[in-house]
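Numbered from 1 within each chain, the chains take letters A, B, ... in sequence-line order. Atom set for the values below is all heavy atoms of this structure, side chains included, hydrogens, waters and symmetry mates excluded.
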2 protein chains.
Amino acid sequence: MSDDVFKALADHTRRTILDELAERDGQTLFEICGRLLTKHGLNTSRQGVSQHLALLEAAGLVETRRDGRYKFHHLDTRPLEHLTDRWLVPEQSGESS
Amino acid sequence: MSDDVFKALADHTRRTILDELAERDGQTLFEICGRLLTKHGLNTSRQGVSQHLALLEAAGLVETRRDGRYKFHHLDTRPLEHLTDRWLVPEQSGESS
DNA sequence: TCGACAGGCAAGGAAACACTTGCCTATGCT
DNA sequence: AGCATAGGCAAGTGTTTCCTTGCCTGTCGA
């Protein structure tokens with residue numbers, strides 16, 4: 001369900017995290033924290049960012065990859081592709097039900 | 001800002017309201033209430049639905065038109081059109097900043 | 001092996017959110 | 001005029017959400 005995706009996108013910090021990953025994919029938690037602070041002025045604690053990332057991962061928007069003590073976060077935009085189609089496509093041609 | 005749009009879409013009941021308006025545009029508050037109940041099993045109170053509609057209107061997703069004692073709600077999908085483009089278009093060509 | 005680094009787990013608090021109840025205004029019908 | 005209908009306003013409640021603090025596990029370099 002795209003239910004979690006909508007919830008994930010509801011928060012401003014999470015959307016900024018997605019922005020960051022879109023600009024530079026595969027960042028670690030500490031990298032993301034640093035960039036949120038320096039580039040966006042968001043000084044959320046490491047745990048805060050970690051919880052956001054967990055939520056984004058649960059929504060399928062972020063995929064993680066472990067390597068040693070580093071954990072890299074990758075953006076997956078597929079859940080976003082047809083998110084709003086249910087409203088944008090009024091009645092394309094013949095759509096029953 | 002699309003900030004309010006994301007917030008508006010975060011709630012399941014509000015998304016269902018948009019579904020309803022997409023299927024039949026220009027419904028009144030009572031109509032929406034009735035359809036939420038019968039078609040979706042959501043028995044939210046009239047005030048609850050009214051507050052949701054106010055939020056949707058603040059987000060620019062719903063436009064209202066008064067006629068006598070009736071208030072008709074119309075769906076406006078324009079705020080949804082390029083909502084997720086910022087992530088779906090990776091780096092189209094040269095994007096500074 | 002020791003310490004620094006990357007990250008995780010869990011409890012707690014403050015604020016935002018969804019929803020309800022109670023009362024009020026305004027329009028339309030008879 | 002009188003009443004029912006459509007909707008609005010405002011306060012109150014319970015839940016969710018965001019964020020923090022404190023401590024723990026695991027990995028790497030000297």
Side-chain angles (χ1 to χ4, degrees), chain A residues 1-21 24-38 40-59 61-74, chain B residues 1-21 24-38 40-59 61-74:
Chain A
M1 293 301 188
S2 57
D3 217 72
D4 297 321
V5 180
F6 284 112
K7 214 178 62 182
L9 293 178
D11 185 77
H12 178 261
T13 302
R14 281 195 290 272
R15 292 196 299 274
T16 309
I17 290 175
L18 293 183
D19 289 337
E20 267 309 314
L21 289 178
R24 182 198 276 210
D25 201 38
Q27 295 186 62
T28 67
L29 174 58
F30 274 78
E31 281 182 274
I32 296 171
C33 283
R35 287 173 149 247
L36 285 181
L37 177 60
T38 60
H40 305 276
L42 297 170
N43 72 342
T44 311
S45 73
R46 181 176 56 86
Q47 257 63 24
V49 177
S50 177
Q51 284 164 8
H52 282 310
L53 285 168
L55 215 152
L56 288 169
E57 188 173 9
L61 289 166
V62 164
E63 199 177 334
T64 60
R65 177 173 53 85
R66 249 241 141 108
D67 184 16
R69 61 176 159 173
Y70 297 101
K71 188 178 182 183
F72 301 102
H73 299 81
H74 298 272
Chain B
M1 293 304 190
S2 59
D3 217 71
D4 297 321
V5 180
F6 284 113
K7 211 178 63 181
L9 292 177
D11 187 76
H12 177 261
T13 302
R14 281 196 290 272
R15 293 196 297 273
T16 310
I17 291 175
L18 293 183
D19 289 336
E20 267 309 313
L21 289 179
R24 182 198 276 212
D25 200 39
Q27 295 187 63
T28 68
L29 173 58
F30 274 78
E31 281 182 273
I32 296 171
C33 283
R35 288 173 149 246
L36 284 181
L37 177 59
T38 60
H40 305 275
L42 297 170
N43 73 340
T44 312
S45 74
R46 180 176 55 86
Q47 257 61 24
V49 178
S50 178
Q51 285 166 7
H52 281 310
L53 285 169
L55 214 151
L56 288 169
E57 189 173 8
L61 289 165
V62 163
E63 199 176 335
T64 61
R65 176 173 54 86
R66 249 240 141 103
D67 184 16
R69 60 174 161 174
Y70 297 101
K71 187 177 182 184
F72 301 103
H73 299 80
H74 298 272

Nucleotide nearest [X] when distance is taken to its side chain, options [options]:
X	options	value
A:Thr44	D:dG8, D:dT20, D:dA6	D:dT20
A:Thr28	C:dA4, C:dG7, D:dG7	C:dG7
B:Leu55	D:dA6, C:dG22, C:dA18	C:dA18
A:Arg46	C:dC9, C:dG7, D:dA10	C:dG7

Rounding to a whole Å, what distance do you find between [X]:[atom1] and [N]:[atom2]?
X	N	atom1	atom2	result
A:Leu36	D:dC18	CG	C1'	14 Å
A:Asp4	D:dT17	CG	P	10 Å
A:His12	D:dC19	NE2	P	11 Å
B:Ile17	C:dA18	CD1	P	11 Å
A:Lys7	D:dT16	NZ	C1'	9 Å
B:Tyr70	C:dC29	OH	C1'	10 Å
A:Leu29	D:dC19	CG	P	14 Å
A:Leu42	D:dT20	CG	C1'	16 Å

> Can a donor-acceptor pair be found between the side chains of A:Glu20 and A:His40 at a distance below 3.5 Å?
Replying inline: yes

>> Can you confirm whether the side chains of B:His74 and B:Arg65 place a donor and an acceptor under 3.5 Å from each other?
In response: yes

> Just to confirm, is there a sub-4.0 Å distance from OP1 or OP2 of D:dT20 to any side-chain nitrogen or oxygen of A:Ser45?
Replying inline: yes

> For C:dG7, does either OP1 or OP2 sit under 4.0 Å from a side-chain N or O belonging to A:Ser50?
Replying inline: no

> Just checking A:Gly48: base, sugar-phosphate only, or nothing, at a heavy-atom cut-off of under 4.0 Å?
Replying inline: base

> How is B:Asp67 classified with respect to the nucleic acid when contacts are heavy atoms under 4.0 Å: base, sugar-phosphate, or nothing?
Replying inline: nothing

> Between A:His52 and B:Lys71, which is nearer to the 5' end of DNA chain D once each is assigned its nearest nucleotide?
Replying inline: B:Lys71

>> I want to confirm an ordering. Mapping A:Thr13 and B:Arg69 to their closest nucleotides on DNA chain D, which one lands closer to the 5' end?
In response: B:Arg69

> If you find the nucleotide of DNA chain C closest to A:Gln51 and the one closest to A:Phe72, which residue's nucleotide is nearer the 5' end?
Replying inline: A:Phe72

Roughly how far, to the nearest 0.5 Å, is the [atom2] atom of [Y] from the [atom1] atom of [X]?
X	Y	atom1	atom2	answer
A:Ser50	A:Leu55	OG	CG	11.0 Å
B:Thr16	B:Asp11	OG1	CG	8.0 Å
B:His12	B:Ile17	NE2	CD1	11.0 Å

